[in-house]
Amino acid sequence: MDIAIVERGIALIASIIVGATASWQLKNELSTRGLDATATKVLLGLLVIGCFVVFFASINVLGNFAS
Amino acid sequence: MAVESTFGQPSPLLERAAVEARYHNVDALYEETRDMRLFGFILFLLADCVLFSSFIFAYLFLRASAPTWPPVVNGTQIGRLDVAFGALNSIVLFGSGVTMHFALESWKNLKTRAFNVWIVTTTLLGIAFLLGQAHEYTSAPAGLTWSGNAFGATYFTLTGLHGFHVFAGVCYLIVLTIQANRGVYTGSKYFGLTAGTLYWHFVDVIWVLLFVLFYLW
């Protein structure tokens, strides 16, 4: 089996798990107040976006230069 | 601190009162300065943002002014970076952000054992990311060198700068683990852990941008 397919498969599953967990953490943080909580919310939100990026990269929607 | 009563003998009651007063002052000082220190730390992260932004804009400028991208070296166009491995390495780093958040939450809930498990996991994932990055460097496409072309120069500079941040973060996490287990932090005083978590999230978020710029675009 092509090693790239294995890497993409692991990245796909991991991006779903990490993205879901980060979203859940972000949801729990939404009710908290304070400067550190605000910074954490922003950074966790961006982390969730990162998981989406990896998800789409692993299913070849992003970064597909074959053509 | 030896505290003597009016009769010249050490008084346990007075000693205890002195210790409590001392800790009360530390608590008051901590509460007073916590927000200031946090603000200072966020300013540090913003300054780091500016540093990365300057390199990223240099990359964008060089890319926009190049006739082809990736550039052509000795008549051959440099190959694309390995997206599959890049995605895998990225999710390792993002996963470490999640485990770091779990570590902080465990500490807040006074779960020391869970804290240790999560922070060690974070450290190991950080090291795994660095090893992955080293693998990327050694298996870079032909022509992608530090000094050969704009692509190589910006790629190695930006990912190297980020890698240095991850390395510093790993060292920071090790220090935090030692400090936490030596009783430096308590259930209500853990600014170092908060700062460490923010720093680690920041390092993750910078990588989102670098991954898009170098691997996907």
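In what follows, chains carry the letters A, B, and so on, assigned in the order in which the sequence lines appear, proteins first and then strands, with residues in each chain numbered from 1.
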Does any backbone or side-chain atom of [X] lie under 4.5 Å from a heavy atom of chain A? Answer side chain, backbone, both or neither.
X	answer
B/Ile42	side chain
B/Trp217	backbone
B/Tyr215	backbone
B/Asp82	side chain
B/Val98	both
B/Phe41	neither

Heavy-atom pair with the smallest gap, counting every atom of B/Ser90 and B/Phe211: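 Nearest heavy atoms, B/Ser90 then B/Phe211: OG-CD1, 3.3 Å.
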Considering all heavy atoms, the nearest B/Ala142-B/Ile78 contact: O-CG2, 3.9 Å
Parallel, tilted or perpendicular, as decided by the 30° and 60° cut-offs, for the rings of A/Trp24 and B/Phe102: tilted
Whether B/Tyr59 and B/Trp69 hold their rings parallel, tilted or perpendicular, with breakpoints at 30° and 60°: perpendicular
B/Phe156/B/Tyr137 aromatic ring centres below 6.0 Å: yes
For chain B, the option from A/Glu29, A/Glu7, A/Arg8 that forms the most heavy-atom pairs under 4.5 Å: A/Glu7
Residue selection (most heavy-atom pairs with chain A, distance under 4.5 Å) from B/Leu38, B/Val212, B/Val208, B/Asp35: B/Leu38
Electrostatic pair A/Asp36-A/Lys41, nearest N-O below 4.0 angstrom: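 No, A/Asp36 and A/Lys41 are not salt-bridged.
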Interface moiety of A/Leu44 toward chain B, non-hydrogen atoms closer than 4.5 Å: side chain
Worked check of side-chain hydrogen bond (donor to acceptor under 3.5 Å, both in side chains) between B/Asp48 and B/His165: CA-CA 10 Å; B/Asp48 234 8; B/His165 278 75; 2.6 Å; yes
